[in-house]
Structure formats: structure tokens, C-alpha cells
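The structure appears below as C-alpha cells.
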Amino acid sequence: MNIFRLAGDMTHLFSVLVLLLKIYATKSCSGISLKTQELYALVFLTRYLDLFTDFISVYNSVMKVVFISSSVAIVWCMRYHPLTRRTYDKDLDTFRHYILVGVSIILALLFHDRFTFREVFWAFSIYLEAVAILPQLVLLQRSGNVDNLTGQYVFFLGAYRAFYILNWIYRYFTENHYSRWISWLAGFVQTALYADFFYYYFVSWKNNAKLQLPA
Amino acid sequence: AKESSVKDEL
């Protein structure tokens, strides 16, 4: 564990807490893409298959349980909870996210570390996470004004993977034979997808104005 | 040596 990875995990955890706060405090999930939440639930379920088989550390297991349970809970909330489900922007959240799942499956079958059940599922989860934010970014552009908590949620979600890239650079220089091109490549694409969001987020923060994404 | 795989990451 290094400081970059801890910062990344804490930023990721914080983004989940901000999202939960937004849904709980405003009793609304307007501006939140259910499709991105479903993709993230799938990412965690396919990546943490080893939750019950390999014990790495208490921290590792606790964080996996937190990420799986929070993402599933949010999907359930947005789909079935009588109050919040009505506030979901169903007609704006139209990204065909099953295409992202299909492409990730093909990529995982073609590019993986070892052709084993767990490794292919792990690669799938890495590729899927890289593009999981797309429905959310499209929804933000369509829904015009973005409420603060939603903007902060997306910001921290993007920042966590940037910390992970620093973590991979750090591990590359401190650990021998540490080359994980799948994580690096996907992590780079994932962070790059946030580039324009980060730009508009910074501009809105500098001008102390409402976050506005160009349509 | 213990494979320092990225799999010990979240």
C-alpha cells in the first residue's frame, strides 16, 4: 500500500459517500445516470470475485464489501425505491450501455493476463470501468445545470483513478517486474474521459459559478 | 516470490 493508492481509495470512497448523500439529502436522483450505476455494480461484482476466496487484508475485504453493497444499493434505490425512482431522468438517460458491456467482454476475451475465469472477469471489469462513466457524462450534458453534489460525485470519481495512475508509476519504480499494461492503459483512458469535465469543473470553481457542461 | 500483482488493488 502506498500513499497514492490510499488517496485513490479514499477519494473513491468519498465519491460514493457524496452520491449517497445527494440521493438521501435531496431525496432525488435527478442528474444521476442509472446506467452508470449499473455498470459500476457490474464492475465491482466481476472484479471482486475473490472476496470469499483470497484474503488480502481486512482493509481490502472491507472496501470490497463497501463498494459492492453501495453500488447495488444505489441501483436498487433508483430502480425500485418508490420515492427516489420517480426522480430518475429516465428519458435523458438513454445511453446504450449494453454496447459498453459487449465491447468490454470482447476486449477481455482478447486481451488478458492469463486465460482463466478470474483473469478474464478481472480484465472485463477493468475495461468496463474505463468507460462506465460515459452514460453519466452524457446525462450531465443533456440535463444542463448540474447540482453541486452530483458535480462533486463525478469529480471525485474521476480523481480516484488519477491517483491510481500515480500509484502504478510509484509501484513501477519500487517493485521489480511490475508491469500491468491492462490497468495502465484502461486507467489512462478512464482518466482522459474526464478531461473535459475536469476543465469545466475547474472553470466553474474558479468563477464560483454553477457547473455548466456545453450541450 | 509473491506475485506482486495489481490484483491486490481495489
Side-chain angles (χ1 to χ4, degrees), chain A residues 1-2 4-6 8-13 16 43-44 47-51 53-57 59-68 112-114 116 118-119 121-123 125-126 129 160-161 163-165 167-168 170-172 174-187, chain B:
Chain A
M1 172 62 81
N2 60 66
F4 301 111
R5 200 168 115 204
L6 184 63
D9 290 341
M10 290 304 107
T11 305
H12 190 191
L13 179 65
V16 169
V43 163
F44 294 134
R47 185 177 305 175
Y48 300 151
L49 295 172
D50 61 346
L51 177 60
T53 54
D54 299 356
F55 177 77
I56 294 172
S57 70
Y59 170 81
N60 190 275
S61 301
V62 166
M63 292 296 275
K64 286 176 177 175
V65 169
V66 166
F67 286 138
I68 290 176
H112 41 261
D113 287 336
R114 286 190 302 280
T116 64
R118 246 192 67 190
E119 288 290 339
F121 266 70
W122 178 83
S125 82
I126 292 289
E129 187 188 3
Y160 113 83
R161 213 63 182 165
F163 279 120
Y164 255 75
I165 291 175
N167 152 63
W168 291 322
Y170 174 84
R171 289 187 80 171
Y172 177 81
T174 54
E175 291 173 30
N176 54 359
H177 78 277
Y178 184 79
S179 82
R180 293 289 172 193
W181 58 275
I182 290 181
S183 299
W184 293 353
L185 212 62
Chain B
K2 176 182 171 305
E3 185 208 34
S4 76
S5 78
V6 76
K7 308 302 187 294
D8 63 353
E9 293 176 345
L10 290 170

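Computed from a prediction, not measured in an experiment: that's the story for all the values here. Because only heavy atoms are used, hydrogens play no part in the values below, and waters and symmetry mates are left out as well, while side chains stay in. Residue numbers start from 1 in every chain, and the chains themselves are labelled A, B, ... in the order their sequence lines are given, proteins ahead of strands.
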Partners meeting side chain to side chain contact (heavy atoms under 4.5 Å, CB included) with Y170(A) (sequence neighbours left out): N2(A), F4(A), T174(A)
Any side-chain heavy-atom pair of R180(A) and K7(B) under 4.5 Å: yes
Short side-chain to backbone donor-acceptor contact, N60(A) and D8(B), under 3.5 Å: yes
Portion of Y48(A) that has a non-hydrogen atom of chain B nearer than 4.5 angstrom: side chain
Interatomic distance, L10(B) atom CG to F44(A) atom CZ [nearest 0.5 angstrom]: 8.5 Å
Chain B interface, residue from R118(A), H12(A), R47(A), R5(A) that has the most non-hydrogen pairs under 4.5 Å: R5(A)
D9(A) portion near chain B, given a 4.5 angstrom heavy-atom threshold: side chain
